[in-house]
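Report on one structure; see the data block that follows.
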Amino acid sequence: MRHHFILRIVAKLLIPLILLFGLYVQFHGDFGPGGGFQAGVIFGAGFILYALVFGVEKAGNVARLTIVRVMVAAGLLLYGSVGVVSLLLGGNYLDYSVLADDPVHGQHLGIFLIEVGVGITVAAVMITIFFTFASRGRS
Amino acid sequence: MEHLIVIVLLSFLAITAVAVVMLHDLFAVVMLFGIYSLLTAAIFLVLDAVDVAFTEAAVGAGISTVLMLATLALTARKEKTSLRFAPIPLLVVTITGAALVYGTLDMPRYGDPTAAIHQHVAPDYLQRGPRETGIPNVVTSVLASYRGYDTLGEVTVIFTAGVGVMMLLGSSRRGTKRTRGKR
């Protein structure tokens, strides 16, 4: 990897923009195209690009595998617990209208939370799958 | 003009598919799969399905290409070819293809307002969505709120895929040389 100067510089310039774009897609999904799934994939792709250019070990220092593995489950748990909270507040499972005083605000909050959950799980799964494949090739 | 774009994209799609079948260099095949997904994303864009196009471009052209390249690094780059003629697979593929083409004959025309899909719950969502959820993008409100169970199921599928890959490939330190010889 010592020789790929252009690749490394371009990757360094692009990765922050990719991650920023991922966050934009995540939080702008209510208004434009996008949402948790696409954002998670873009966010994961940023890390995968880093791992491709700088090596899997260095990428492992940035995104620790144990933390990423916890995030795989955390996103899904966040999604499911939004449903449990709406159950406890007297609504149906995943009925967000009861989450706030105003049903429209409740819907907004619920959709925001489950999109974040989707994004976390998708990004973590993409990173995990790539790392698992890549580290198997080395051993 | 739109018809012309769609025809060009679809013929590129067909050419790419034939090239994927004909080539034996798997690296080139993976690259062509990426191009195929990008063309599909462009077609979705022409059909005004921006959210689907977005996903197709990110997942199909981006992530799957990388994952298939990672798989190629673990296996061989050339396809093992057999020159033997196999009649049963050819028969199965022909019958399935014919059945699929026959199925499309019953489908409503593209953009037909009387099609079943536009009569059932879609008008209801379009009317209620912006009022009840306050979200301008109807796709998001349908996916996240009205079809929240389905999306939960999709996320569970992705979660299961991640866990499955971790369990199958992640434990490379355990049971080292013997199992690797068998592969």
Side-chain angles (χ1 to χ4, degrees), chain A residues 25 28-42 44-45 48-49 52 65 68-69 72-73 75-76 79-80 82-83 93-97 102-108 110-115 117-118 121-122 124-139, chain B residues 45 49-60 62-64 66-75 129-137 139-141 143-152 154-173 176 180:
Chain A
V25 171
H28 202 257
D30 300 359
F31 305 99
F37 192 80
Q38 292 92 332
V41 171
I42 292 169
I48 290 175
L49 177 63
L52 280 174
L65 207 55
V68 176
R69 280 183 181 173
V72 169
L76 187 58
Y79 198 137
V82 170
Y93 190 69
L94 291 177
D95 177 12
Y96 317 125
S97 297
D102 184 8
V104 173
H105 283 164
Q107 288 283 342
H108 220 96
I111 290 173
F112 175 81
L113 285 174
I114 66 129
E115 290 279 4
V118 173
T121 292
V122 170
V125 166
M126 294 302 161
I127 295 170
T128 311
I129 292 179
F130 176 76
F131 274 24
T132 313
F133 271 70
S135 52
R136 185 155 180 109
R138 280 183 302 121
S139 59
Chain B
L45 201 62
V50 270
D51 286 82
V52 189
F54 205 164
T55 317
E56 180 66 39
V59 178
I63 296 279
S64 4
V66 173
L67 287 182
M68 281 198 269
L69 284 179
T71 314
L72 273 192
L74 297 181
T75 58
R131 197 179 64 237
E132 286 183 359
T133 61
I135 284 178
N137 186 1
V139 177
T140 302
S141 69
L143 280 183
S145 184
Y146 297 115
R147 289 270 174 250
Y149 281 178
D150 299 13
T151 311
L152 179 64
E154 281 168 28
V155 179
T156 314
V157 167
I158 294 166
F159 170 79
T160 315
V163 171
V165 167
M166 272 194 267
M167 288 182 80
L168 285 173
L169 295 176
S171 59
S172 56
R173 269 172 223 148
T176 45
R180 195 158 309 138

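Excluded from the calculations below are hydrogen atoms, water molecules and symmetry mates; all remaining heavy atoms, backbone and side chain alike, are included. Reminder, nothing fancy here: chain letters follow the sequence lines and each chain counts from 1.
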Check your understanding: Is there side-chain contact between A:T128 and B:V165, with heavy atoms separated by less than 4.5 Å?
Key -> no
Exercise for review: Answer yes or no: is there a side-chain heavy-atom contact under 4.5 Å between A:E115 and B:T140?
Suggested key: yes
Review point. Checking B:I158 against chain A: side chain, backbone, both or neither under 4.5 Å from a heavy atom?
Key: both
Practice item. Could you tell me whether the side chain of A:V118 reaches within less than 4.5 Å of the side chain of A:F37, counting heavy atoms only? Key: yes
Point to revise | Main-chain N/O of A:L76 paired to A:T121 side chain as donor or acceptor, under 3.5 Å | key: yes
Study note, to complete from the structure: Max heavy-atom pairs within cutoff under 4.5 Å with chain B, candidates A:I42, A:V104, A:V82, goes to A:V104
Point to revise | Heavy-atom pair with the smallest gap, counting every atom of A:M126 and A:I48 | key: O-CD1, 4.0 Å
Revision key, fill the gap. Most heavy-atom pairs under 4.5 Å with chain A, out of B:V163, B:L152, B:V52, B:T156, belong to B:L152
**Study point:** Side chain, backbone, both or neither of A:A73 within contact of chain B (heavy atoms, under 4.5 Å)
**Key:** both
**Study point:** Contact origin within B:V139 toward chain A - heavy atom pairs under 4.5 Å
**Key:** neither
Revision key, fill the gap. One option among A:P103, A:G34, A:A45 has the most heavy-atom pairs under 4.5 Å with chain B, and it is A:G34
Study note, to complete from the structure: Pair count under 4.5 Å, heavy atoms only, with chain B: among A:F130, A:Y96, A:F131, highest is A:Y96
Practice item. For residues A:I114 and A:Y79, report the shortest heavy-atom separation together with the two atoms involved. Key: CD1-OH, 3.6 Å
